[in-house]
**Q** 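Just dropping this structure here.
Bear in mind that the values here come from a model prediction, so they are computed numbers and not experimental data.
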Protein chains: 4
Amino acid sequence: MEEKRLSRREREKERQRGEMLTAALELFSKRGYHGVSMHEIAKKAEFAVGTVYKFFKGKEHLYETLMNEIAVKYHAALKDALSKDEDTIALLGEYVRAKAEIFADNASVLRLYIAGARGANFNIRAGLDKEMGRLYDDVLEVLALVIEKGVRKKVLKALDPHYMAVALDGLTNAFLFCWLKDPERHPYQANLAMITELFLRGSLAR
Amino acid sequence: MEEKRLSRREREKERQRGEMLTAALELFSKRGYHGVSMHEIAKKAEFAVGTVYKFFKGKEHLYETLMNEIAVKYHAALKDALSKDEDTIALLGEYVRAKAEIFADNASVLRLYIAGARGANFNIRAGLDKEMGRLYDDVLEVLALVIEKGVRKKVLKALDPHYMAVALDGLTNAFLFCWLKDPERHPYQANLAMITELFLRGSLAR
Amino acid sequence: MEEKRLSRREREKERQRGEMLTAALELFSKRGYHGVSMHEIAKKAEFAVGTVYKFFKGKEHLYETLMNEIAVKYHAALKDALSKDEDTIALLGEYVRAKAEIFADNASVLRLYIAGARGANFNIRAGLDKEMGRLYDDVLEVLALVIEKGVRKKVLKALDPHYMAVALDGLTNAFLFCWLKDPERHPYQANLAMITELFLRGSLAR
Amino acid sequence: MEEKRLSRREREKERQRGEMLTAALELFSKRGYHGVSMHEIAKKAEFAVGTVYKFFKGKEHLYETLMNEIAVKYHAALKDALSKDEDTIALLGEYVRAKAEIFADNASVLRLYIAGARGANFNIRAGLDKEMGRLYDDVLEVLALVIEKGVRKKVLKALDPHYMAVALDGLTNAFLFCWLKDPERHPYQANLAMITELFLRGSLAR
DNA sequence: GATGAATGAGTATTCATTCAT
DNA sequence: CATGAATGAATACTCATTCAT
């Protein structure tokens with residue numbers, strides 16, 4: 001009974017923290033770090049400012065926490081997709097699918113994510129960019145391993161696996177951005193087909 | 001004579017405007033929009049704040065002007081590269097080369113540019129993103145036309161030219177970022193070779 | 001039985017109150033009124049903030065209570081010293097000794113006390129200064145009575161006893177401050193001798 | 001003409017700075033460092049907050065500047081009094097007179113001064129207390145030199161000059177406080193007479 | 001009765017912008 | 001016409017106090 005109450009309180013805490021992060025995400029993704037005030041976040045999350053400060057040491061900490069949670073979730077999903085027990089081509093398909101899913105689910109997050117991964121944040125603690133870059137490179141590495149196996153199995157050409165990973169990532173980014181900008185004009189299936197076609201077979205006739 | 005004096009004044013004005021933009025660029029690219037104050041820009045450009053306000057309606061306007069000038073220059077260079085009188089494959093090579101050149105020349109600007117093109121700017125008047133997106137799409141369209149010609153000439157596969165353009169753009173972005181992050185490890189030549197190989201021939205063995 | 005329980009509870013209460021005041025004193029004397037938060041006091045006293053508020057109406061009230069307790073204790077000790085059954089000169093010696101003792105015991109408190117007695121406290125309810133001033137004047141009065149008796153006994157010159165009291169107080173304050181600032185350089189004995197010599201005999205040669 | 005304009009501007013600046021310091025003094029001396037906000041000071045001085053920050057780096061700097069100006073002025077006046085070309089007794093009288101004058105002129109300053117010299121300020125930069133202590137000791141030293149000369153001239157008893165200086169200072173403080181608290185009851189002349197009588201001749205009958 | 005989570009008023013400081021000189 | 005002094009709105013963060021559990 002004691003335990004239950006404790007756990008309930010902890011769940012309550014978690015819920016509140018989540019509400020704050022959700023509110024912050026919504027605002028940050030619309031107006032950026034500097035465009036949002038702590039009061040706004042507190043108001044949107046329906047707490048007093050002081051309460052927000054009980055959960056996060058400051059605005060920067062709140063922002064970093066948010067970005068990290070997103071990054072961790074994102075990269076975990078990608079690594080999961082790549083660790084399935086399938087053949088190379090299917091795995092790469094899984095990767096693209098997982099990435100598309102994330103883009104779809106968190107369209108609003110993406111502006112933030114891109115800004116972060118690409119180093120477009122200034123002023124914010126330098127460590128953040130670095131950490132996100134690390135997670136990003138981590139996924140690329142796993143992707144490269146999958147590709148390497150494909151090369152060894154002679155499924156893929158004997159090119160540098162890391163560069164092939166970079167290429168696939170760039171390709172998916174480009175198409176998924178298209179899709180995000182105008183989902184009607186750039187349906188998911190068409191994008192997927194193009195990525196596959198271009199990455200695997202190239203564009204040269206014959 | 002009146003005209004000459006006026007024109008001289010106008011040239012003087014233009015020079016001053018340029019100095020302000022140069023100073024602003026240097027500061028913005030190092031510390032971001034919010035990390036720079038109008039006083040700093042004025043000081044760096046060696047003018048009084050009031051004078052800067054004579055040229056630009058406000059900080060936002062100055063920033064937008066700056067980003068637009070960069071974008072216009074960038075896209076002009078890309079369109080130039082694509083309008084040379086060469087065959088399809090060579091033109092695509094020209095495009096990649098021109099893009100690489102821009103990246104190399106303005107490494108410091110890129111963080112700003114990327115942030116802008118990808119919609120990572122907030123607060124800043126929404127119009128900016130839109131305008132830059134328009135320029136971006138404009139280049140993509142020209143690239144698609146080049147590709148379309150290549151398809152008609154049967155040099156390239158009969159895939160959607162617009163998507164092929166998107167793909168090439170994504171591919172070059174990915175590799176050029178690699179290069180920017182660590183030029184030693186990812187030399188330009190290797191990147192160029194990979195882009196060509198992957199885009200034109202794909203990665204599938206056989 | 002009821003009474004006993006009540007009294008035990010009351011003793012318990014008193015103990016808690018004392019712990020709070022002790023914690024507060026330690027913190028206030030180190031960092032001043034504004035440098036200490038109620039949470040700190042509560043934590044140091046090992047109570048919840050709410051509990052502290054059960055005992056004291058607010059921070060100001062806690063501070064005033066504390067200062068008053070110190071003042072009351074201080075002045076009681078001085079009045080005690082002055083009510084011993086000795087001759088005038090000895091009584092004055094007792095007074096100086098008692099004051100020195102207080103200074104020695106509560107060096108850390110003194111900054112607070114001085115600030116209070118001399119009216120250097122702001123913000124804090126004006127009443128505090130007044131109350132402490134009253135206690136202070138009360139002691140001066142007793143001292144003046146002792147001096148008056150000395151005058152009547154022709155031990156002391158026929159000067160205004162109240163002013164003589166003021167003088168003795170100022171003299172002891174000055175020397176005891178010296179001593180507090182640098183006890184090595186200004187040993188207690190030397191100070192005591194100087195106070196006696198100067199107060200009783202003056203500095204004029206012959 | 002150019003010079004005149006410059007000097008006029010500088011005088012204007014000085015005037016503004018003075019107004020700010022005056023407003024700050026009035027508020028600080030009534031309500032203490034923490035009891036006054038920068039907005040209040042700005043309002044009282046009839047400037048915008050930003051303007052106050054053009055003159056003073058921050059609240060602490062403004063406070064320190066204020067205290068220092070007062071201390072410097074105070075101590076200069078005392079040292080002046082002690083450097084006149086008179087005999088020992090007259091010089092000591094000058095000292096007391098100068099101190100009384102300062103007390104009279106700046107009654108409102110005194111609470112601040114006492115608080116500062118006696119170390120009743122917490123949180124505020126430690127250096128301030130130290131600096132004021134240094135100025136204070138400096139005057140005491142000069143006073144001790146005067147007394148020493150008096151001792152050599154056999155005008156004063158052969159006691160430690162430094163301690164005699166401490167005593168005189170303590171004596172004057174005590175009487176001047178009396179006077180400040182209730183000028184009617186403790187007229188200046190009576191105080192002066194008592195200080196002289198007690199310091200020079202002591203209180204012991206015969 | 002004790003607790004400490006939640007509150008939100010209050011404050012120092014910055015900086016885009018204006019306008020008198 | 002350039003200047004830069006003056007402005008004051010805006011904002012992150014603290015902490016005394018309250019009150020539901």
Side-chain angles (χ1 to χ4, degrees), chain A residues 5 8-9 12-13 16 20 33-43 45-63, chain B residues 9 12-13 16 33-43 46-63, chain C residues 9 12-13 16 33-43 46-63, chain D residues 5 8-9 12-13 16 20 33-43 45-63:
Chain A
R5 227 179 112 195
R8 201 188 309 172
R9 245 190 218 170
E12 174 66 9
K13 280 239 177 250
Q16 292 181 331
M20 288 173 193
Y33 183 77
H34 293 282
V36 176
S37 81
M38 288 301 266
H39 270 95
E40 270 178 296
I41 294 171
K43 195 168 187 185
E46 305 193 82
F47 290 101
V49 258
T51 311
V52 177
Y53 277 89
K54 283 272 193 302
F55 284 77
F56 304 96
K57 238 179 62 177
K59 192 183 182 184
E60 218 164 282
H61 181 222
L62 171 50
Y63 185 77
Chain B
R9 250 192 219 170
E12 175 64 11
K13 284 252 177 237
Q16 293 182 333
Y33 183 76
H34 294 282
V36 176
S37 79
M38 288 299 268
H39 271 96
E40 269 178 297
I41 294 172
K43 194 168 187 186
E46 305 193 82
F47 290 100
V49 258
T51 312
V52 177
Y53 275 87
K54 285 273 190 297
F55 284 79
F56 304 96
K57 237 181 60 180
K59 191 183 182 184
E60 225 164 271
H61 180 222
L62 170 52
Y63 184 78
Chain C
R9 249 194 218 169
E12 175 64 10
K13 285 251 177 240
Q16 293 182 332
Y33 183 76
H34 295 281
V36 177
S37 78
M38 288 300 266
H39 271 96
E40 270 177 296
I41 294 171
K43 194 169 187 186
E46 305 192 82
F47 290 100
V49 258
T51 311
V52 177
Y53 275 85
K54 286 273 191 297
F55 285 78
F56 304 96
K57 238 180 61 180
K59 191 183 183 183
E60 224 165 272
H61 181 222
L62 170 52
Y63 185 78
Chain D
R5 228 180 111 194
R8 201 188 310 172
R9 247 191 217 171
E12 174 66 9
K13 280 239 177 250
Q16 292 181 331
M20 288 173 193
Y33 183 77
H34 295 282
V36 176
S37 79
M38 288 300 267
H39 271 94
E40 269 178 296
I41 295 172
K43 194 169 187 186
E46 305 193 83
F47 290 100
V49 258
T51 311
V52 177
Y53 277 88
K54 283 273 193 299
F55 285 77
F56 304 95
K57 238 179 61 177
K59 192 183 181 183
E60 216 164 284
H61 181 223
L62 171 52
Y63 185 77

**Q** Want to settle it: does A/Glu12 or B/Ser37 sit nearer the 5' end of DNA chain E, counting the closest nucleotide to each?
**A** A/Glu12
**Q** Rounding to an integer number of Å, can you tell me how far A/Ile41 CD1 sits from E/dG8 P?
**A** 17 Å
**Q** Counting only pairs under 3.5 Å, give me each side-chain donor-acceptor contact of residues 50-59 of chain D, with atom names and distances, residues two or more places apart or in other chains.
**A**
from, atom 1, to, atom 2, distance (Å)
D/Lys59, NZ, D/Tyr33, O, 2.9
D/Lys59, NZ, D/Val36, O, 2.7

**Q** Could you state the CZ-P distance from D/Phe56 to E/dA12, rounded to the nearest angstrom?
**A** 15 Å
**Q** Below 3.5 Å between N/O atoms, which protein atoms pair up with nucleotides 8-10 of chain F? Just atom names and distances, please.
**A**
from, atom 1, to, atom 2, distance (Å)
F/dG8, N7, D/Gly50, N, 3.4

**Q** Calculate the interatomic distance between D/His34 atom NE2 and F/dT14 atom P; express it in whole Å.
**A** 15 Å
**Q** Using whole Å, what does the distance between atom P of nucleotide E/dA12 and atom NE2 of D/His61 come to?
**A** 16 Å
**Q** How is A/Lys57 classified with respect to the nucleic acid when contacts are heavy atoms under 4.0 Å: base, sugar-phosphate, or nothing?
**A** nothing
**Q** Taking CE from B/Met38 and P from E/dC19, how many angstroms apart are they, rounded to a whole number?
**A** 16 Å
**Q** Which dot-bracket string describes DNA chain F (Watson-Crick N1-N3 plus N6-O4 or O6-N4, or G-U N1-O2 and O6-N3, all under 3.5 Å; [ ] crossing; | other strand)?
**A** .||||||||||||||||||||
**Q** Please find the pair of heavy atoms, one from A/Glu40 and one from A/Gly35, that lie closest to each other, and give the distance.
**A** OE1-O, 3.8 Å
**Q** Considering residues at least two apart in sequence or located in another chain, which fulfil the side chain to side chain donor-acceptor pair (under 3.5 Å) criterion with D/Glu46?
**A** none
**Q** If you look at every heavy atom in D/Ala48 and D/Ala42, which pair is closest and at what distance?
**A** C-CB, 4.0 Å
**Q** For A/Phe55 and C/Glu46, take the nucleotide of DNA chain E holding the closest heavy atom to each; which residue's nucleotide lies nearer the 5' end?
**A** C/Glu46
**Q** Side chain of B/Lys54 only, heavy atoms from C-beta on: which candidate in F/dT3, E/dA2, F/dA6 is closest?
**A** F/dT3
**Q** Given side chains that start at C-beta, do those of A/Lys43 and A/His39 come closer than 4.5 Å, heavy atoms only?
**A** no
**Q** Could you tell me whether A/Gln16 contacts a base, only the sugar-phosphate backbone, or nothing, with contacts defined as non-hydrogen atoms closer than 4.0 Å?
**A** sugar-phosphate
**Q** Categorize C/Lys13 for me: base, sugar-phosphate, or nothing, with a 4.0 angstrom heavy-atom threshold over every strand shown.
**A** sugar-phosphate
**Q** For C/Glu40 and F/dA16, what is the distance between atoms CD and C1' respectively, to the nearest whole Å?
**A** 13 Å
**Q** Heavy atoms from C-beta onward define the side chain here; which of E/dT13, E/dA6, F/dA5 lies closest to that of D/Lys59?
**A** E/dT13
**Q** Over how many whole Å does the gap from D/Tyr53 atom OH to E/dC15 atom P extend?
**A** 13 Å
